[in-house]
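Below, each value reflects all heavy atoms present in this structure, side chains not excepted, and no hydrogens, waters or symmetry copies. For reference, positions follow the sequence shown, starting with 1.
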Amino acid sequence: MLVQTSVNQLKLVLLSLTIYVHQTWSTSVKEHLDQGTQLLRTGNLGEALNHYHAAVEGDAKNYLAYYQRATVFLALGRHRQALSDLDAVIRLKPDFYHAKSERANLLMKQGKIDEAREQFMEVLKYDPEKAQAGLSDLPILEQAIEDAEELIDNDDFASAIDNLDRAIEIAKWDTSLREKRADAYLQLGNIINAIGDVRAIAKLTNDNTDAYLKLSQLHYIMGEEEESLKEIRECLKLDQDHKECHRHYKKVKKLVKQLNQAQDLINEGMYEDAVTKLQSALKTESSEAKIVLKIESRLCLSNKQGGFIEECLETCSSVLEEESQDIEALVNRAECHILDEDFEAAISDYQTAQGITDSKHVKDGLHRAEKLLKQSKKRDYYKILGVPRNADKSAINKAYRKLAREFHPDKFTDEADKAEAEKKFIDIAAAKEVLTDEEKRAKFDNGEDPLDPESEQGRHFHQNFHGFPFGGGNQQFFFKFN
């Protein structure tokens, strides 16, 4: 009798506890739903979703918790999770037509035409207007897809894209349609738009390593190696053993490193080392047109800055063969023509550049090249000393000393030869004065002769130069070598 009483008391305790737990859970679920709704109204989707997660965990049979969570999933573009929750709602409450209506629209956006039509037919008796709108879109979607596929088979990719645009406007989450459109864009050479579709595919599908690989490859083709590296890393985050992604990653990573190192060397003025590094980059990638063009453009600049005239003309010309209106390459080649004293070629490049842009830099360059051409027909101090236009001060002084000894007037006895030597001496002295003075040399390099008799400095030079005290008798010729 006592044992039976104890058992009955235990049952009463367990029943009370069950009622209490159920009431507590119900209160907690309601609070989560209410808070989620409030957050949803303020646009705080992330926090709202957390509360709906908690509500579903608290009561797995509460269809409203699933429905509210599906609403947030849809707002976040997570349509697969939304569909799963809507399925749960309909399973728990088959007559909840709002869920069926949302599900029908979702299926249509996913391009699941037959399933969407079946679901719309169920909604028809609850909400004819909404169902009819969906049912009228489905034939349009079917026809657009059918026409696009036929046009692709006939290689009419532009028209196919028009039809795919209409289809995607209805079925925006159908990745197969975006794949078709991306391929059509690629057939037309429109890589930028293709990238847009592939990026959307990567977002619409989970763990899509192929999409990230494709993105990386497309950015690489566009000559965007940094973006290519970023996307291929996303592929390896999803699957670090993915063979194709790993192989592409190694190549892109190496190229990015080489180009960054070359740019650092250019910034530091180490042009010869920059050229070496860029030549290594060309070995890493020698076939992808836009990447090769980028490397050659930097070689063009580095060779120009380093004064490597022959290599500069070669690499800049190579760039211009691919991009005839590349302003930077035209200007760099013009400057190398100036270093090579081919002023007419420099003028031609600057004129071409001026036809493309109204840049002051180009105008100034053209004006300078024209002045240098005019100057070259008079007196060229570089030619007088026999040094290149990028010669340093040491090379200029060395050439000056050599020529001064060679044409020393005291070495000549014939009066005509002596007079010719004196004339050369004057030119040699003038060349040294201009080319060893930074200010005067800069003026000369800009097409202005600072010793031109018409200029103030030129008059000063000629007024103070009275010839050399050489001749017969006790006279001696003096010349000071610096």
Side-chain angles (χ1 to χ4, degrees), residues 191-192 195 215-233 245-342 345-346 348-350 352-353 356-357 359 361-362 365 369 388-392 395:
I191 298 176
I192 294 175
I195 286 174
L215 273 176
S216 179
Q217 291 170 335
L218 290 175
H219 278 297
Y220 194 75
I221 291 170
M222 288 289 290
E224 299 167 350
E225 68 284 348
E226 295 280 0
E227 278 297 314
S228 177
L229 184 60
K230 175 185 170 184
E231 299 299 349
I232 205 65
R233 280 175 172 155
C245 285
H246 192 262
R247 182 165 56 249
H248 189 60
Y249 168 73
K250 284 178 65 178
K251 180 178 182 178
V252 179
K253 182 184 177 184
K254 181 179 180 181
L255 180 71
V256 168
K257 183 179 180 181
Q258 288 171 327
L259 291 179
N260 286 341
Q261 288 175 337
Q263 189 59 52
D264 289 341
L265 290 166
I266 291 170
N267 294 341
E268 293 167 11
M270 301 172 67
Y271 302 114
E272 189 172 357
D273 291 339
V275 167
T276 301
K277 185 62 67 175
L278 289 166
Q279 287 170 341
S280 297
L282 270 180
K283 291 178 182 177
T284 301
E285 181 52 76
S286 59
S287 59
E288 201 57 66
K290 288 190 179 294
I291 295 290
V292 170
L293 185 64
K294 177 178 283 191
I295 297 170
E296 288 185 336
S297 293
R298 295 188 187 180
L299 275 169
C300 167
L301 171 65
S302 300
N303 282 319
K304 187 266 287 186
Q305 293 292 88
F308 313 127
I309 299 172
E310 185 177 343
E311 293 82 357
C312 170
L313 295 174
E314 181 182 346
T315 51
C316 294
S317 296
S318 181
V319 172
L320 291 165
E321 283 176 12
E322 296 297 322
E323 295 287 343
S324 61
Q325 295 195 327
D326 188 313
I327 301 296
E328 185 179 358
L330 282 166
V331 169
N332 284 333
R333 189 171 71 174
E335 289 301 312
C336 288
H337 280 311
I338 287 174
L339 288 174
D340 200 32
E341 300 187 0
D342 188 350
S348 176
D349 277 345
Y350 269 123
T352 302
I356 302 167
T357 179
S359 163
H361 177 62
V362 171
R389 296 187 77 87
N390 59 347
D392 60 21

Exercise for the section: Would you indicate whether Cys300 and Cys312 have their SG atoms under 2.5 Å apart? Expected result: no

Exercise for the section: Please tell me if the side chains of Val292 and Leu282 come closer than 4.5 Å, counting only heavy atoms from C-beta onward. Expected result: yes

Practice task
Look up atom CD1 in Ile309 and atom CG in Leu339, then write down how far apart they are to the nearest 0.5 Å.
Solution key: 5.0 Å

Exercise for the section: State whether the side chain of Asp340 and the backbone N or O of Cys336 hold a donor-acceptor pair below 3.5 Å, judged by distance alone. Expected result: no

Exercise for the section: Could you please spell out the steps behind the side chain to side chain contact (heavy atoms under 4.5 Å, CB included) verdict for Ile291 and Lys294? Expected result: CA-CA 5 Å; Ile291 295 290; Lys294 177 178 283 191; 5.6 Å; no

Exercise for the section: Would you indicate whether the side-chain heavy atoms of Leu330 and Ile356 approach each other to under 4.5 Å? Expected result: yes

Exercise for the section: Would you list the pairs meeting salt bridge (Lys or Arg N to Asp or Glu O under 4.0 Å) in which at least one residue belongs to residues 273-288, sequence neighbours left out? Expected result: Lys251-Glu285

Completion exercise
Heavy-atom nearest pair, Tyr350 first then Ala369, reads CD1-CB, 4.3 Å

Problem - Shortest non-hydrogen separation from Leu301 to Asn332 and the atoms involved - result: CA-ND2, 3.8 Å

Practice task
Heavy atoms only: give me the nearest Val252-Glu225 pair and the separation to one decimal.
Solution key: CG1-O, 3.5 Å

Problem - Rounded distance (nearest 0.5 Å) linking atom CG of Leu229 with atom NZ of Lys253 - result: 8.5 Å

Practice task
Measure the OG-CG distance between Ser297 and Leu320 for me, rounded to the nearest 0.5 Å.
Solution key: 8.5 Å

Fill in the blank from the handout: Looking only at heavy atoms, the pair that brings Glu296 and Ser318 closest together is OE1-OG, 2.9 Å

Fill in the blank from the handout: Here the gap from Tyr271 atom OH to Leu278 atom CG, rounded to the nearest 0.5 Å, amounts to 12.5 Å

Completion exercise
Heavy-atom nearest pair, Glu231 first then Leu215, reads OE1-CD1, 3.7 Å

Practice task
Kindly give the heavy-atom pair with the smallest separation between Arg333 and Ser317, and that separation in Å.
Solution key: NH1-OG, 3.1 Å

Practice task
Check for a donor-acceptor pair, side chain of Ser228 on one end and backbone N or O of Glu224 on the other, with a separation under 3.5 Å.
Solution key: no

Practice task
Kindly indicate whether the side chain of Val275, heavy atoms from C-beta on, has any atom under 4.5 Å from the side chain of Glu272.
Solution key: no

Handout entry: salt bridge (Lys or Arg N to Asp or Glu O under 4.0 Å) pairs, two or more places apart, involving residues 298-324
Key = none

Handout entry: Test item: Tyr220 and Ile232 side chains (from C-beta on) under 4.5 Å apart, heavy atoms
Key = no

Practice task
Assess whether atom CE of Met222 is packed by more than 12 heavy atoms of other residues, nucleotides or ligands within 6.0 Å.
Solution key: yes

Practice task
Report the distance from atom CD1 of Ile295 to atom OG1 of Thr284, rounding to the nearest 0.5 Å.
Solution key: 7.5 Å

Handout entry: Sidechain-backbone polar pair: Thr357 side chain, Ala353 backbone, donor-acceptor under 3.5 Å
Key = no

Problem - Spacing of His246 atom NE2 and Lys250 atom NZ [to the nearest 0.5 Å] - result: 6.0 Å

Exercise for the section: Would you check if Glu227 and Lys230 make a side-chain contact, meaning some heavy-atom pair closer than 4.5 Å? Expected result: yes

Problem - Heavy-atom side-chain proximity of Gln305 to Ile266 below 4.5 angstrom - result: no

